[in-house]
Amino acid sequence: MLCNMCGKNEATIHIEEISDGESKTIHLCGECMAKHPQLGGVGVSPFNLAEIVFNLAKKPSLEKDAKKSDDAPEAAPDEVIVCPSCSWTSRELKSTGLLGCPDCYRAFAKVIEPALTAMHRGTVHTGKRPRTIGMTADDEFKIRLSALRRELNETIKAENYEQSAIIRDRIAELTGARDRIAAAPGDLS
Amino acid sequence: MSNPLIAELPAQPVGWLADSGPDEDIAISSRIRLARNLAGRPFPVHATDEELSAVADRVITAAAGITEKPWWRIDICELDGTDRMILFERRLVSRELFKRPAGAHLLMEPDEQTGIMVNEEDHIRLQSLLPGLQLAEAYEKIDRVDCVLAEKLDIAYDDKLGFLTSCPTNLGTAMRASVMLHLPALVLENRIAGAVQGIGQLGLTVRGIFGEGSDNRGNLFQISNQSTLGESEPEIIDRLGRVIAKLIDHEKNARRRLLDSRMNFLLDKIGRAYGCLRNAYILSAGEALNALSLLRLGVDLKMFDHVSIHTVNNLFVRINPAHLSKLGPPATDPGNIDAARATLVRTMLREK
């Protein structure tokens, strides 16, 4: 079957859409699917998220400007900030979504910080710091525990009870070891 | 000019495709990438040639002696197009690295599982790529390299924003964890769009096999974290891992449903794909990858006793254009690459 969109390539993706109680199937090739992320978002984001976020942040003010532009003089262009270290400008930041050098983060804090919430799940770094050797014991504990639990689910599903028992022992050993450390008195000195 | 190190690569199996590994029938590979930059230096995208070379010298010096075996050091700027594509097809580098006029390097371990891209979008992009579902293992591996580099280099870091990166979407941990999943049954059942939409709502990204800008040929999907700021590395890995486990379950259930209630439909799809691979004389890369995906599903479901997963894995890499031009039967003219691919596939499937 040929792709419904380009009519050239073999359709490899078939999406069932239900709207108004009616089911409709769309047949697409990988290329067209990639070009139309709204059809399920498979594949691709050839655009730069940062670029979009900065432009979204700008948009409302543009619309406002457009409304009052009938008799009001043209609104002053956004203030352009220049990074003192590398002379990258806030205008370049907005058009490329990229920064010039590490110091740009300080220079453009006003532009970047409001955009961070749209890009990330938080605004403050809580992970690794440079020059800490390896992970903290707690991080390592969490990673190992989650891997073991996943493994346990797998073995239970596969009805491999012998292996499940072994993994359960390892989990008990791991959590036990941590609790012993946490509960050990006199370690605070 | 052809690089002697790269001459050895095409014939050897890639480090991220194992003939058996944890959950490897559905989770093909796991990758962790960390972005790091040197403080006080312009990011590579608009650094001068001299600045790029200076950064490369510093990073390469600092990286020496970290790993058990010495790094393979490849100067990307000296490579011809085919050698570059060999590295790309083996998922050792990204296209962004090819854009630098100077100072672009790849350091990699001979087993191809750990690598450092120098002067990609950031000064340093560390990568660990393992077969199967091994996110925590991949993180441990690359974290060790990262810690040693941080001892020797002045890394750009801010207490609030974390690791400072060329693009603010990578701030914080500057870590991208991703798993490549093979989901043919969900695609056959038309359930993939729903699954993918769900992933998007969880703040994860879905991409095709070769990352940004590539399509989902071969029923291959790369799932990775979208956000890098606000969560620690283990939290990101844990959250991604839980979603991956769900998707693997969905795919397993879809495979079971197809086997239970639509056996003829499934056999027909797999049989036709196999027939195409065994008998075609002209095969585009996309068609070959899609058919190989179904063949792989058949092998996973133990439908073939004469085709091994080893052969499927091998073909998976060798049908790509650069590998084909190095290893495949000679194409008489560029238009014949599809014929050369078909010959390679027919030959390899005849061998045990």
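The analysis underlying the following values was restricted to heavy atoms, covering all of them including side chains, and did not include hydrogens, waters or symmetry mates. Given the structure is predicted, the values throughout are model-derived calculations rather than measurements.
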Practice prompt. Side chain from CB out, backbone as N, CA, C, O: work out which of these in Thr126(A) comes under 4.5 Å of a heavy atom of chain B, or both, or neither.
Written response: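 Contact with chain B is through both the backbone and side chain of Thr126(A).
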Practice prompt. Kindly determine whether Glu113(A) and Lys160(B) satisfy side chain to side chain contact (heavy atoms under 4.5 Å, CB included), including the steps that lead there.
Written response: CA-CA 11 Å; Glu113(A) 281 185 8; Lys160(B) 185 171 172 247; 3.7 Å; yes
Contact between [X] and [Y] at the side-chain level, heavy atoms closer than 4.5 Å - yes or no?
X	Y	value
Arg106(A)	Asp158(B)	no
Thr228(B)	Met119(A)	no
Glu235(B)	Arg121(A)	no

Fill in: For chain B, the option from Cys83(A), Cys86(A), Pro102(A) that forms the most heavy-atom pairs under 4.5 Å
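That would be Pro102(A).
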For [X] and [Y], which heavy atoms make the closest approach, and how far apart are they?
X	Y	value
Thr169(B)	His120(A)	O-CE1, 3.0 Å
Thr173(B)	Gly127(A)	CG2-CA, 4.4 Å
Phe43(B)	Leu99(A)	CD1-O, 3.2 Å
Arg129(A)	Phe163(B)	C-CZ, 4.1 Å

Could you look at [X] and say if it's the side chain, the backbone, both or neither that has a heavy atom under 4.5 Å from chain A?
X	answer
Ser284(B)	neither
Asp122(B)	neither
Asp249(B)	side chain
Leu38(B)	backbone
Arg144(B)	neither

Practice prompt. For Lys157(A), look at atom NZ and say whether over 12 heavy atoms of other residues, nucleotides or ligands are found less than 6.0 Å away.
Written response: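 Buried by this count: over 12 neighbours within 6.0 Å.
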Worksheet item: More than 12 heavy atoms of other residues, nucleotides or ligands under 6.0 Å from CD1 of Ile282(B): is that the case?
Response: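 It does not: Ile282(B) CD1 has 12 such atoms or fewer within range.
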Fill in: Residues Lys128(A), Leu34(B); criterion side chain to side chain contact (heavy atoms under 4.5 Å, CB included); working and verdict
CA-CA 11 Å; Lys128(A) 183 182 174 177; Leu34(B) 302 175; 5.5 Å; no
Discussion item. Using 0.5 Å steps for rounding, measure from the OG1 atom of Thr96(A) to the NE2 atom of His46(B).
Written reply: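 Thr96(A) atom OG1 to His46(B) atom NE2 measures 7.5 Å (nearest 0.5 Å).
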Discussion item. As an exercise, state the distance from SG of Cys167(B) to CG of Leu98(A), rounded to the nearest 0.5 Å.
Written reply: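 These two atoms lie 5.5 Å from each other.
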If you count heavy-atom pairs within less than 4.5 Å of chain A, which of [options] leads?
options	answer
Arg36(B), Met175(B), Arg239(B)	Arg239(B)
Ala174(B), Gly230(B), Ser227(B)	Ser227(B)
Asn37(B), Thr165(B), Val45(B), Asp159(B)	Thr165(B)

Worksheet item: Between His125(A) and Tyr157(B), how do the two ring planes meet: parallel, tilted or perpendicular, split at 30° and 60°?
Response: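 Because their plane-to-plane angle is over 60°, the rings of His125(A) and Tyr157(B) count as perpendicular.
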Worksheet item: Any donor-acceptor pair under 3.5 Å linking the side chain of Tyr105(A) with the backbone of Leu161(B)?
Response: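 A pair under 3.5 Å: no.
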